[in-house]
Amino acid sequence: MVQLAGGLQELPDISVINFSWRAALFAKYDVFHVHWPEILVSGHSPLKKLGRQVLTLALLGRLALARTPIVRTVHNVALPEGISVREVFLLRLIDRKTTFYIRLNSQTPLPTDRPSVTIPHGHYREWFADFPKAQQIPGRISYVGLIRR
């Protein structure tokens, strides 16, 4: 996210507002871009989860009233497992309201036939260039992150 924001800020007439509920609900912006919408509707406690879900409904209302487009980068092709009916409803509502999709490779299926663009996922070579490299071991692979359906 830091690299994305930095790259966008290098473009003329672009400013990036990092997400906070206050900014999402009250700041002035032209586009709402979301990577992982499930974060908007989840929480570590039932009360926090409910609060975020109410805020998400308020945000969707604000975006609709202001006619602010939602752009979504598609990371997960399926809904998360084990989520509540409310979370499923809200995530599907976000998808229905999304006006443009970004996918990171041409193989990622899109949830709808709305306009989209493929922007290949960047690399982290420069980001980690100052760190020592480990010796390669044939046959060994690694990954960072979660692996889901």
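Values in this document were obtained by computation on a predicted structure and should not be read as measured data.
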Peer 1: With heavy-atom distances below 4.5 Å as the criterion, would you say the side chains of Ile70 and Phe100 are in contact?
Peer 2: no

Peer 1: How about Gln53 and Leu90: do any of their side-chain heavy atoms sit closer than 4.5 Å?
Peer 2: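 Yes, side chains in contact.
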
Peer 1: Compare every heavy atom of Leu25 with every heavy atom of Ala58, then report the nearest pair and how far apart it is.
Peer 2: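 Closest heavy-atom pair between Ala58 and Leu25: C-CD2, 3.9 Å.
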
Peer 1: Answer yes or no on whether Arg125 is positioned over the face of Phe131, meaning its NZ or CZ is under 6.0 Å from the six-membered ring centre and within 45° of the axis.
Peer 2: no

Peer 1: Determine which pairs satisfy side chain to side chain donor-acceptor pair (under 3.5 Å) with at least one residue from residues 11-27, sequence neighbours left out, and list them in order.
Peer 2: none

Peer 1: Are Tyr29 and Leu60 linked, directly or through other ILVMFWY residues, by side chains that come within less than 4.5 angstrom of each other?
Peer 2: yes

Peer 1: Is it true that Asp113 and Tyr101 share a donor-acceptor pair across their side chains at a distance under 3.5 Å?
Peer 2: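 No, no side-chain donor-acceptor contact under 3.5 Å.
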
Peer 1: When hydrophobic residues are tied together by side-chain contacts of less than 4.5 Å, even through go-betweens, does Leu59 share a cluster with Leu65?
Peer 2: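 Result: no, two separate clusters.
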
Peer 1: Identify the residue among Thr73, Thr118, Thr108 that makes a side chain to side chain donor-acceptor pair (under 3.5 Å) with Arg103.
Peer 2: Thr118

Peer 1: Nearest 0.5 Å, what's the CG-CG distance between Leu110 and Asp95?
Peer 2: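 Output value for this atom pair is 10.0 Å.
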
Peer 1: Please tell me if the side chains of Phe32 and Ile17 come closer than 4.5 Å, counting only heavy atoms from C-beta onward.
Peer 2: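 A side-chain contact is absent here, since even the closest heavy-atom pair is not under 4.5 Å.
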
Peer 1: If you round to the nearest 0.5 Å, how far is CZ of Arg86 from OG1 of Thr56?
Peer 2: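 It is 11.5 Å, given to the nearest 0.5 Å.
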
Peer 1: When hydrophobic residues are tied together by side-chain contacts of less than 4.5 Å, even through go-betweens, does Val71 share a cluster with Val117?
Peer 2: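 As far as the 4.5 Å side-chain criterion goes, Val117 and Val71 are connected within one cluster.
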
Peer 1: Can you tell me how far apart CG (Leu57) and CG (Leu93) are? Round to the nearest 0.5 Å.
Peer 2: 7.0 Å

Peer 1: Quick one, Arg92 and Leu79 - any side-chain contact, counting heavy atoms below 4.5 Å?
Peer 2: yes

Peer 1: Is Ile102 reachable from Ile94 through a run of hydrophobic residues whose side-chain heavy atoms are each under 4.5 Å from the next?
Peer 2: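 No: no chain of side-chain contacts under 4.5 Å links Ile94 to Ile102.
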
Peer 1: Quick one: closest heavy-atom pair of Phe19 and Ala24, and the distance?
Peer 2: CE1-CB, 3.5 Å

Peer 1: Locate the shortest heavy-atom distance separating Pro80 from Leu91; write the atom from each residue and the value.
Peer 2: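 Closest approach of Pro80 to Leu91, heavy atoms only: CD-CD1, 4.1 Å.
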
Peer 1: So do the side chains of Ile83 and Val41 get within less than 4.5 Å of each other, counting heavy atoms only?
Peer 2: no

Peer 1: Less than 3.5 Å apart, any donor N or O on the side chain of Glu87 or Ser84 sitting next to an acceptor on the other?
Peer 2: yes

Peer 1: Got a sec, which pairs hit ring-ring contact (aromatic ring centres under 6.0 Å, His included) with one end in residues 52-80, sequence neighbours left out?
Peer 2: His35-His75, Trp36-His75

Peer 1: Kindly indicate whether the side chain of Leu63, heavy atoms from C-beta on, has any atom under 4.5 Å from the side chain of Pro69.
Peer 2: no

Peer 1: So do the side chains of Leu40 and Arg52 get within less than 4.5 Å of each other, counting heavy atoms only?
Peer 2: no

Peer 1: Drop me the distance from Arg72's CZ to Arg114's CZ, to the nearest 0.5 angstrom.
Peer 2: 10.5 Å

Peer 1: Any chance you could measure Ile14, atom CD1, to Gln9, atom CD, to the nearest 0.5 Å?
Peer 2: 10.0 Å

Peer 1: With a 6.0 Å cut-off (strictly less than), is the heavy-atom count around CG of Leu11, excluding the residue itself, greater than 12?
Peer 2: yes

Peer 1: Apart from Val144 itself, what residues make up its hydrophobic cluster when side-chain heavy atoms of I, L, V, M, F, W and Y under 4.5 Å apart count as a link, directly or indirectly?
Peer 2: none

Peer 1: If you group Ile, Leu, Val, Met, Phe, Trp and Tyr by side-chain heavy-atom gaps below 4.5 Å, do Phe89 and Leu55 land in one group?
Peer 2: yes

Peer 1: Considering only heavy atoms from C-beta outward, does the side chain of Asp30 approach that of Thr68 to under 4.5 Å?
Peer 2: no

